[in-house]
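Note that the structure is predicted; figures quoted are calculated from it, not measured. By convention here, the first residue in the shown sequence is residue 1.
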Amino acid sequence: MLIIPAVDIKNGKCVRLLQGKMDEETVFSNEPYKMAQKWEKEGAKLIHLVDLDGAIKKKPINLECIKQIVENVKVPLQLGGGIRNLSTIEEYINLGISKIIIGSEAIHNPEFVKESCKKFPGKIVVGIDAKKGYVAIEGWTKITKVKAVEIAKKFEDYGVCAINFTDIEKDGMQQGVNIEETIKMAQNLSIPIIASGGVSNIDDIKKIIPLKKYGIEGIISGRALYEGTLSLKEAIEEIAKFS
């Protein structure tokens, strides 16, 4: 299992949002690449990047910041936010991004996911954000009537390599991961699930580690790492005890 630090980018800065609200941000660095370097030095094996402005504007916005991160770290990077077409995916992959996360567009246009998986096999992850079991889209500003588990099954058939699953009621609140919903997602799929949203401290990590048996292979953490209530090094050491 991996602990995956998140580097969320808004207006060229590394920020954390509260429950995805664009007007409730905390800026942690004016130079996002330095945060990526920090997590790499502390042992991260994968870093999760999000172009928050891109998610709202529906196109890449913070491309220069992302280029800078690619140039300054060696660990694999996965990226989401504003990815709406094959040319954008190709641009990011050519840049050096390892995995591309398709979020809202996957719900609007499932065929896009299918085409992407065919053209870029092993590179496509679908990000599913949910509230009370239903998919949230457009930077979490809209809750659909689509059940998260049902749409995840469809994408599994299309050939996505993983599902990033976020419970948006937990995200940024540091109240623990929604384990029940995450297990439900994992039990219904055979591809890896990356959990996200709500990690607050090492005790939350200890609760998540046993979930590997269900197919939960990673946990994305943001605010807890930035505010120091969770140590990346300690979390990695805890996971190593079970490997």
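- Applying the ring pair (Phe, Tyr, Trp, His ring centres under 6.0 Å) test to pairs two or more places apart or on separate chains, those with a residue in residues 216-237 are Phe28-Tyr226, Trp39-Tyr226.
- Ion pair Arg84/Glu105 flagged as a salt bridge, since at least one NZ, NE, NH1 or NH2 atom sits closer than 4.0 Å to an Asp/Glu carboxylate oxygen.
- How far CD1 of Ile3 is from CD1 of Ile219: 6.5 Å, rounded to the nearest 0.5 Å.
- With sequence neighbours excluded, no residue satisfies ring-ring contact (aromatic ring centres under 6.0 Å, His included) with Tyr33.
- Side-chain contact between Lys147 and Val149 is absent, with no heavy atoms from C-beta onward closer than 4.5 Å.
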- [ ] Using the side chain to side chain contact (heavy atoms under 4.5 Å, CB included) rule, take Phe120 and Glu90 through it: C-alpha gap first, then chi angles, then the decisive distance, then the call.
- [x] CA-CA 8 Å; Phe120 308 103; Glu90 187 167 24; 3.9 Å; yes
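- The distance from the CD atom of Glu111 to the OG atom of Ser116 is 10.5 Å, given to the nearest 0.5 Å.
- Cluster membership check: Ile193 shares its hydrophobic cluster with Val135, using side-chain heavy-atom separations under 4.5 Å among Ile, Leu, Val, Met, Phe, Trp and Tyr.
- Atom NZ in Lys67 sits 4.5 Å away from atom CG in Leu63 (nearest 0.5 Å).
- Transitive grouping of hydrophobic side chains (ILVMFWY, heavy atoms separated by less than 4.5 Å) keeps Val75 and Ile194 in distinct clusters.
- Residues Lys153 and Glu156 are not paired through a salt bridge, judged by the lack of any N-O separation under 4.0 Å between the basic side chain and the carboxylate.
- Across every non-hydrogen atom of Lys213 and Pro210, the tightest pair is CG-O, 3.2 Å.
- Taking hydrophobic clusters as Ile, Leu, Val, Met, Phe, Trp and Tyr residues chained together by side-chain heavy-atom distances below 4.5 Å, Ile220 does not share a cluster with Val199.
- Proximity of Gln68 to Pro32: side-chain heavy atoms (C-beta onward) are nowhere separated by under 4.5 Å.
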Task: Intermediate values then yes/no, side chain to side chain contact (heavy atoms under 4.5 Å, CB included), Ile209 and Glu238 - done: CA-CA 9 Å; Ile209 292 171; Glu238 188 67 31; 3.8 Å; yes
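- Within the 3.5 Å criterion, the main-chain N or O of Lys207 finds no donor-acceptor partner in the side chain of Asp204.
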Task: Working for salt bridge (charged side-chain N to carboxylate O under 4.0 Å, His left out), residues Glu42 and Lys38 - done: CA-CA 6 Å; Glu42 292 188 14; Lys38 170 181 167 65; 2.9 Å; yes
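- Note on Ile128 and Val160: same hydrophobic cluster, where clusters join Ile, Leu, Val, Met, Phe, Trp and Tyr whose side-chain heavy atoms are under 4.5 Å apart, directly or indirectly.
- Salt-bridge formation is detected for the pair Lys233/Glu237: a Lys NZ or Arg NE/NH1/NH2 atom is positioned less than 4.0 Å from an Asp or Glu carboxylate oxygen.
- The nearest pair of heavy atoms linking Ala152 to Leu189 is O-CD2, 3.6 Å.
- The closest side-chain heavy-atom distance from Cys161 to Lys99 is below 4.5 Å.
- Linking Ile, Leu, Val, Met, Phe, Trp and Tyr whenever their side-chain heavy atoms come within less than 4.5 Å puts Leu232 and Ile239 in one cluster.
- Taking CG of Asp51 as the start and NZ of Lys10 as the end, the distance is 11.5 Å to the nearest 0.5 Å.
- The shortest heavy-atom contact between Asn85 and Ser87 is OD1-OG, 2.7 Å.
- The side-chain heavy atoms of Ser231 and Ile202, taken from C-beta on, include no pair separated by under 4.5 Å.
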Task: Lys119/Glu115 under salt bridge (charged side-chain N to carboxylate O under 4.0 Å, His left out): CA gap, chis, key distance, verdict - done: CA-CA 6 Å; Lys119 186 166 183 179; Glu115 291 172 10; over 6 Å; no
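- Between the Asp53 side chain and the Ile61 main chain, no donor and acceptor come within less than 3.5 Å of each other.
- Distance CD1/Ile4 to CG/Leu46: 4.5 Å, rounded to 0.5 Å.
- Put simply, the side chain of Tyr92 reaches to within 4.5 Å of the side chain of Ile83, judged on heavy atoms.
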- [ ] In sequence, state the C-alpha distance, the side-chain angles, and the governing distance for Leu49 and Gln78, and then conclude on side chain to side chain contact (heavy atoms under 4.5 Å, CB included).
- [x] CA-CA 6 Å; Leu49 308 179; Gln78 64 176 30; over 6 Å; no
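- Heavy atoms only, all atoms of each residue included: Ile89 and Phe112 are closest at CD1-CZ, 3.7 Å.
- When all heavy atoms of Phe155 and Ala106 are compared, the closest pair comes out as CZ-O, 3.2 Å.
- Ala6 and Gly222 get closest at one heavy-atom pair: CB-CA, 4.3 Å.
- No donor-acceptor distance shorter than 3.5 angstrom exists from the side chain of Glu217 to the backbone of Leu2, with no hydrogens or angles considered.
- Its side chain within the 4.5 Å cluster rule, Val125 clusters with Ile101 among the Ile, Leu, Val, Met, Phe, Trp and Tyr residues.
- With contacts defined as side-chain heavy-atom distances shorter than 4.5 Å, the pair His48/Asn164 qualifies.
- Here the straight-line distance linking atom CD1 of Ile124 with atom SG of Cys117 works out to 6.0 Å at 0.5 Å rounding.
- Counting only distance, with no hydrogens or angles, the side chain of Asn11 and the backbone of Lys13 share no donor-acceptor pair below 3.5 Å.
- With contacts defined as side-chain heavy-atom distances shorter than 4.5 Å, the pair Val146/Tyr134 does not qualify.
- A 4.5 Å side-chain heavy-atom check between Val50 and Ile9 finds every atom pair outside the cut-off.
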